Amino acid sequence: MKRGICPGSFDPVTWGHIDIFERASAMFAELYVGVFSNVRKKPFLNVEKRIEALEKATEHIENIKVVSFDGLLADYMRANDISMIVRGLRSVTDFEYEQSNANAIRSVHSDLDTVFLLCRPEYSYISSSVVREIASFNGDISKLVPPCVAEMINGR
Ligand code: ADP
């Protein structure tokens with residue numbers, strides 16, 4: 001059974017992430033969404049809230065499993081029999097960053113590989129940091145995140 005993982009901070013999850021999950025879930029028997037719990041010292045949403053948001057926003061995807069971890073991604077993958085990392089690409093800047101990460105992981109762990117999905121053009125401007133910025137000024141985030149996530153953020 002082939003398992004993949006979409007690792008990230010998801011602080012918070014956006015429509016861009018959901019699109020990648022929907023497409024990646026069709027490629028694997030089981031798709032893990034791995035939340036880095038040791039993101040910035042002061043996250044916008046704590047790890048429990050980020051997981052709650054991800055679980056609600058991915059309810060429609062049957063073979064998805066939301067988990068958190070704070071160690072090395074490669075160790076988590078080995079322990080859970082996951083062989084493929086899935087990352088979304090928005091731009092050349094994303095590509096340059098992702099290329100070195102993917103090569104670094106594969107140079108150490110030859111059995112682990114990364115696949116990239118190009119983001120939909122309509123989501124290419126969406127990032128968690130843009131959502132955080134707008135939300136911090138009580139702006140409208142309804143086009144950037146699923147309704148259940150907007151509700152959670154607006155109710156903070
Ligand atoms: P990280 O902090 O590791 O970059 P993110 O939560 O920001 O984690 O992103 C997780 C993954 O989702 C990354 O592969 C990133 O490129 C991808 N991603 C982020 N925003 C979008 C988007 N709008 N469309 C497609 N993929 C995206």
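Since the structure is predicted, the reported quantities are computational estimates derived from the model, not experimental observations. Just follow the structure's listing: the first ligand is 1, and inside any ligand the first atom is 1.
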Task: Part of Arg90 within contact of ligand 1 (heavy atoms, under 4.0 Å) - done: side chain
- [ ] Find the distance between OH (Tyr125) and CG (Leu144) and round it off to the nearest 0.5 Å.
- [x] 5.5 Å
Task: Among Gly8, Cys119, Pro12, closest by any non-hydrogen atom to atom 25 (C) of ligand 1 - done: Cys119
- [ ] Looking only at non-hydrogen atoms, find the nearest pair between Arg132 and Pro12 and report the distance.
- [x] CG-CD, 4.1 Å
TODO: Have a look at ligand 1 and work out which part of Ser124, if any, has a heavy atom under 4.0 Å from it: side chain, backbone, both or neither.
DONE: neither
Task: Closest approach of Ser83 to Met77 (non-hydrogen atoms, all atoms of both residues) - done: C-CE, 3.8 Å
Task: Short N or O distance, Ile20 and ligand 1, threshold 3.5 Å exclusive - done: no
TODO: Determine which pairs satisfy ring pair (Phe, Tyr, Trp, His ring centres under 6.0 Å) with at least one residue from residues 57-100, sequence neighbours left out, and list them in order.
DONE: Phe36-Phe69, Phe69-Tyr76
Open item on the list: With rounding to the nearest 0.5 angstrom, report the NE2 to SG distance, His17 to Cys119.
Closed with: 10.0 Å
Task: Test of proximity, Ser127 against ligand 1: N or O pairs below 3.5 Å - done: no
TODO: Search all heavy atoms of Ala74 against all heavy atoms of His109 and return the closest pair with its distance.
DONE: CB-NE2, 3.2 Å
Open item on the list: Would Ser129 count as a contact residue for ligand 1, given that I'm defining contact as a non-hydrogen atom of the residue lying under 4.0 Å from a ligand atom?
Closed with: no
Task: Any residue meeting side-chain contact (heavy atoms from CB on, under 4.5 Å) with Arg106, in chain and number order, not counting sequence neighbours - done: Asp113
- [ ] Please confirm whether Thr14 comes under 4.0 Å of ligand 1, counting heavy atoms of the residue only.
- [x] no
Open item on the list: If you measure every N or O of Ser9 against every N or O of ligand 1, does any of those distances drop under 3.5 Å?
Closed with: yes
Task: Least distance between heavy atoms, Arg50 atom then Pro43 atom - done: NH2-CB, 4.1 Å
Open item on the list: For atom 27 (C) of ligand 1, which of the options Glu98, His17, Arg50 provides the nearest non-hydrogen atom?
Closed with: His17
Task: Non-hydrogen atoms of Ala102 and Phe116 that approach each other most closely - done: CB-CZ, 4.0 Å
Task: Interfacing atoms of ligand 1 (cut-off 4.0 Å, heavy-atom, Ile126) - done: 20 (N), 22 (C), 23 (N)
Open item on the list: Can you name the atoms of ligand 1, numbered from 1 with element, that are less than 4.0 Å from a heavy atom of Phe10?
Closed with: 6 (O), 10 (C)
TODO: Within a distance under 4.0 Å of any heavy atom of Pro7, pick out the atoms of ligand 1 and give their elements.
DONE: 10 (C)
Open item on the list: Between ligand 1 and Arg87, is the shortest N or O to N or O distance under 3.5 Å?
Closed with: yes
Task: Nearest heavy-atom neighbours spanning Ser37 and Val47 - done: CB-CG2, 3.8 Å
Task: Geometric N/O contact Leu89 with ligand 1, under 3.5 angstrom - done: no
Open item on the list: Checking the N or O distance criterion of under 3.5 Å, is ligand 1 in contact with Val86?
Closed with: no
